[in-house]
Asker: 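Quick one: this structure, given as structure tokens, is what I'll be asking you about.
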2 protein chains.
Amino acid sequence: MKNIFLATLLFTLPALGQPVISPEVHSDGSVTFRLAAPKATEVWLHCEGGGDSAMQKDDHGVWTSTTPPLQPDIYSYSFYVNGVHLTDPANPAIKYNLLNTDSQVEVPGPKSLPWALNDVPHGVLHHHFYHSAVADDDRDFIVYTPPGYDPTSHRRYPVLYLLHGYSDDTSAWSTAGRANVILDNLIARGQAKPMIIVMPLGYGTMQIVKAGWSRVGDPNLWQHNVEKFGDALLDEVMPQVEKTYRISKDRDSRAIAGLSMGGTESLVVGLTHLDRFAWVGAFSSGGLNTNYVAQFPALDAKANDQIRLLWISCGAQDQLLGSNQQFCDWLKSQGIRFSWTEPQGQHSFRVWRNNLADFAPLLFQGKK
Amino acid sequence: MKNIFLATLLFTLPALGQPVISPEVHSDGSVTFRLAAPKATEVWLHCEGGGDSAMQKDDHGVWTSTTPPLQPDIYSYSFYVNGVHLTDPANPAIKYNLLNTDSQVEVPGPKSLPWALNDVPHGVLHHHFYHSAVADDDRDFIVYTPPGYDPTSHRRYPVLYLLHGYSDDTSAWSTAGRANVILDNLIARGQAKPMIIVMPLGYGTMQIVKAGWSRVGDPNLWQHNVEKFGDALLDEVMPQVEKTYRISKDRDSRAIAGLSMGGTESLVVGLTHLDRFAWVGAFSSGGLNTNYVAQFPALDAKANDQIRLLWISCGAQDQLLGSNQQFCDWLKSQGIRFSWTEPQGQHSFRVWRNNLADFAPLLFQGKK
């Protein structure tokens with residue numbers, strides 16, 4: 001159809017005219033990556049969990065690298081061709097990101113894995129668009145309704161507000177995070193209560209991401225971003241979803257959780273609005289203002305009566321482990337109860353998919 | 001947050017540590033593209049509407065090219081670094097595709113453009129997932145509900161089934177095609193009837209795309225793909241959406257249209273199921289079986305009583321123009337009425353966004 005593309009592909013194919021197969025997942029979990037780049041002089045592979053490796057060129061101009069056996073999981077990877085980052089042109093699976101889109105490969109495992117697509121009833125993702133007065137931009141949010149959700153019934157559902165990390169966008173939890181698949185599985189197994197999940201755009205101002213990494217370290221802009229995000233969530237997103245979906249409106253049916261920047265936002269918004277949220281989760285939180293008293297002026301042991309769950313986690317190999325532990329020390333010093341888990345792993349969706357699978361079953365359980 | 005990415009970015013940044021800005025749209029509509037690639041020896045830009053151009057390297061290792069002034073529109077583009085195709089790492093806007101993802105740049109124009117995001121009420125995109133028995137795979141479809149759609153009301157809406165092209169996926173019409181934005185605008189201006197749009201995955205078998213361009217020319221596989229797509233649409237997607245959404249179920253309220261492969265599918269499914277569809281649109285159809293009598297065995301002038309609209313279009317610079325004209329000649333020889341338009345343009349969403357904006361206002365109008 002598109003002859004320009006056809007010509008392009010043929011140009012980069014090896015002599016035999018066969019398309020390059022990449023990635024190829026072997027039965028032992030090792031993965032072979034291939035890139036046709038006859039004119040390149042240096043190609044590196046960066047693969048999550050596999051590190052960096054120099055790829056080797058064959059006589060057809062195809063560069064190849066094979067990892068050791070990898071655990072069943074979803075891995076991000078990319079190539080560096082003469083120093084330039086690119087996704088794998090032979091692989092349509094990507095991990096989209098506003099600053100750094102990578103390719104993705106899944107090493108399959110048992111159907112019991114939280115993120116495995118199973119033949120169970122599936123929920124629906126609803127993509128909403130609106131103009132934000134808080135941020136003065138056009139933005140979106142995504143709502144997961146669980147299997148069997150019926151807008152005409154009288155049943156009401158509890159709701160989890162689930163926040164992405166810095167440089168990701170609204171779609172991150174429902175694509176790389178597989179939040180809908182994870183909840184479909186948990187609900188089918190009776191391990192989580194059917195719930196609605198709201199995934200908003202996690203920025204209070206797009207300035208924080210439009211400027212790229214260069215302004216992430218600006219504490220004033222960062223704090224402004226977190227505060228305005230809270231305004232957009234509380235004043236714009238929540239009213240829309242509570243009007244549109246059959247959501248319980250009491251605090252005992254409302255949770256907030258997120259990863260990295262979204263972990264910080266969950267702590268800030270959740271713990272300063274305990275009149276609205278009873279369940280708070282923070283996965284690998286990043287960028288938390290360490291002036292905790294200023295950030296959480298009213299937070300003390302009296303909050304234990306309101307907090308049904310404060311669930312904090314950070315990967316043991318995450319460079320943010322120390323700052324998360326420091327915050328937990330402060331919580332302890334204030335007499336605030338929380339749950340701490342430290343799974344193996346870095347700052348990655350490999351950790352966060354498991355976080356969600358561990359956290360969601362705890363929500364909306366038991367009696368106050 | 002992600003130090004590996006930070007290190008990567010710094011590595012590819014020019015000396016002053018400023019991030020590369022790309023693309024930069026100037027006030028006259030010209031666009032400057034930039035790529036930091038100090039170690040590359042040859043970088044080409046391919047930009048829709050602007051052709052191919054060799055980029056020039058500056059002292060910081062940043063390659064640059066500026067187009068002539070471009071008309072307000074959305075353009076796909078990509079770079080070729082030492083022969084390797086890549087999207088623009090400085091630009092999060094992409095045109096996703098299963099075989100060839102490109103970057104995108106919008107040259108803004110007046111708010112009256114069909115695809116311009118305006119401050120009007122927005123519809124919602126609903127993303128559904130199911131297991132297809134026809135195709136034996138897990139797949140999805142997306143449903144647009146217009147502004148004000150209320151699942152609890154008794155109002156019923158007409159429905160347009162809108163099909164993407166070869167190598168695209170379910171998301172194409174709602175991302176690159178901006179179908180939701182176009183309908184939001186048309187509905188706000190009173191130029192189109194509020195309608196539901198269903199965007200299914202357009203493949204009867206994923207084999208046709210998993211093998212890449214190498215098997216597109218296999219007529220048996222192609223025909224199998226078109227036929228099985230029809231089965232999946234009629235037997236799987238339509239029952240689900242008619243059960244879930246407030247859709248009118250009479251043929252006068254049902255349209256089918258698509259682009260390229262999806263144009264062919266619209267003709268085949270629509271014109272062989274006139275008991276179900278009264279409105280058919282085919283944009284730049286590709287891969288239509290030229291044994292028309294075998295493809296449309298029962299189609300003759302009697303169909304004019306059933307066809308409310310048969311709308312066929314192909315860009316004047318599209319290599320598929322001849323085959324579309326040939327099909328139209330056959331329709332004429334059969335005495336079948338249709339509408340033909342031949343806009344300026346190639347095989348591109350630049351044409352198809354306008355196609356949708358021209359076609360949708362004609363739907364579900366007038367009395368039979």
Side-chain angles (χ1 to χ4, degrees), chain A residues 1-6 8-9 11-12 17-19 35-42 46 81-87 89 92 94 96-101 117 119 122-131 138 151-152 165-167 169 180 211-214 216 260-261 286-287 319-320 347, chain B residues 1-6 8-9 11-12 17-19 35-42 46 80-87 89 92 94 96-101 117 119 122 124-131 138 151-152 165-167 169 180 211-214 216 260-261 286-287 319-320 347:
Chain A
M1 307 290 119
K2 300 177 180 174
N3 285 10
I4 175 75
F5 295 153
L6 188 55
T8 301
L9 275 168
F11 177 71
T12 57
Q18 290 300 310
L35 177 73
K39 292 199 261 177
T41 56
E42 185 189 51
H46 174 73
V81 175
N82 284 32
V84 177
H85 171 273
L86 75 156
T87 54
I94 58 174
Y96 183 77
N97 183 276
L98 295 172
L99 296 181
N100 193 94
T101 294
L117 188 60
D119 190 10
H122 299 306
V124 178
L125 296 169
H126 312 266
H127 202 165
H128 292 255
F129 305 87
Y130 79 104
H131 183 82
D138 295 290
T152 66
Y166 178 75
S167 76
D169 80 350
N180 50 325
W213 295 98
S214 63
V216 165
S260 195
M261 175 184 79
Q319 294 183 355
L320 298 176
H347 203 70
Chain B
M1 305 293 121
K2 300 176 180 175
N3 286 10
I4 176 74
F5 295 152
L6 190 54
T8 301
L9 277 167
F11 177 71
T12 57
Q18 289 300 309
L35 177 73
K39 291 199 260 179
T41 55
E42 186 190 50
H46 173 73
Y80 291 83
V81 174
N82 285 32
V84 177
H85 171 274
L86 75 156
T87 54
I94 58 173
Y96 183 76
N97 181 277
L98 294 172
L99 296 181
N100 194 92
T101 294
L117 188 60
D119 191 11
H122 299 306
V124 179
L125 296 170
H126 311 266
H127 202 166
H128 292 255
F129 305 87
Y130 79 104
H131 184 81
D138 295 291
T152 65
Y166 179 75
S167 77
D169 80 349
N180 51 325
W213 296 98
S214 62
V216 165
S260 196
M261 175 183 78
Q319 294 184 353
L320 298 177
H347 203 70

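Residue numbers start from 1 in every chain, and the chains themselves are labelled A, B, ... in the order their sequence lines are given, proteins ahead of strands. Just the heavy atoms: all of them, side chains too, but no hydrogens, waters or symmetry mates, feed the values below.
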Asker: Which one of A:Leu35, A:Leu125, A:Ile94 has the most heavy-atom pairs closer than 4.5 Å to chain B?
Answerer: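 If we count pairs closer than 4.5 Å to chain B, A:Leu125 comes out on top.
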
Asker: I'd like to know if the side chain of A:Asn82 and the backbone of A:Ala40 have a donor-acceptor N/O pair within less than 3.5 Å.
Answerer: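 Here the side-chain-to-backbone pair does not exist.
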
Asker: Among A:Thr87, A:Leu117, A:Val81, which residue forms the greatest number of heavy-atom pairs with chain B at distances under 4.5 Å?
Answerer: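 Ranked by contacts with chain B, first place is A:Leu117.
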
Asker: So which of A:Asn180, A:Leu86, A:Val124 has the largest heavy-atom pair count under 4.5 angstrom toward chain B?
Answerer: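 Among the listed options, the one with the most contacts to chain B is A:Val124.
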
Asker: Do any N or O atoms from the side chain of B:Tyr80 and from the backbone of B:Glu42 form a donor-acceptor pair under 3.5 angstrom?
Answerer: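 Here the side-chain-to-backbone pair does not exist.
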
Asker: Measure from the side-chain N and O atoms of A:Asp138 to the backbone N and O of A:Phe129, and report whether any donor-acceptor pair falls under 3.5 Å.
Answerer: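 No, the answer is negative, given that no donor and acceptor are paired below the 3.5 Å cut-off.
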
Asker: When rounded to the nearest 0.5 angstrom, what is the spacing between NE2 in A:His131 and NE2 in B:His122?
Answerer: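 Reported value, rounded in 0.5 Å steps: 9.0 Å.
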
Asker: Can you tell which part of A:Tyr130 gets under 4.5 Å to a heavy atom of chain B, answering side chain, backbone, both or neither?
Answerer: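 Just the backbone, heavy atoms under 4.5 Å.
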
Asker: Could you tell me which portion of B:Thr101 (side chain, backbone, both or neither) has an atom closer than 4.5 angstrom to a non-hydrogen atom of chain A?
Answerer: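 B:Thr101 has no heavy atom closer than 4.5 Å to chain A.
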
Asker: Any idea which heavy atoms bring B:Ser260 and B:Gly165 closest together, and the distance?
Answerer: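 Result for this residue pair: CB-CA, 4.2 Å.
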
Asker: Can you tell me which portion of B:Leu98 sits under 4.5 Å from chain A's heavy atoms? Options are side chain, backbone, both or neither.
Answerer: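 Both backbone and side chain.
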
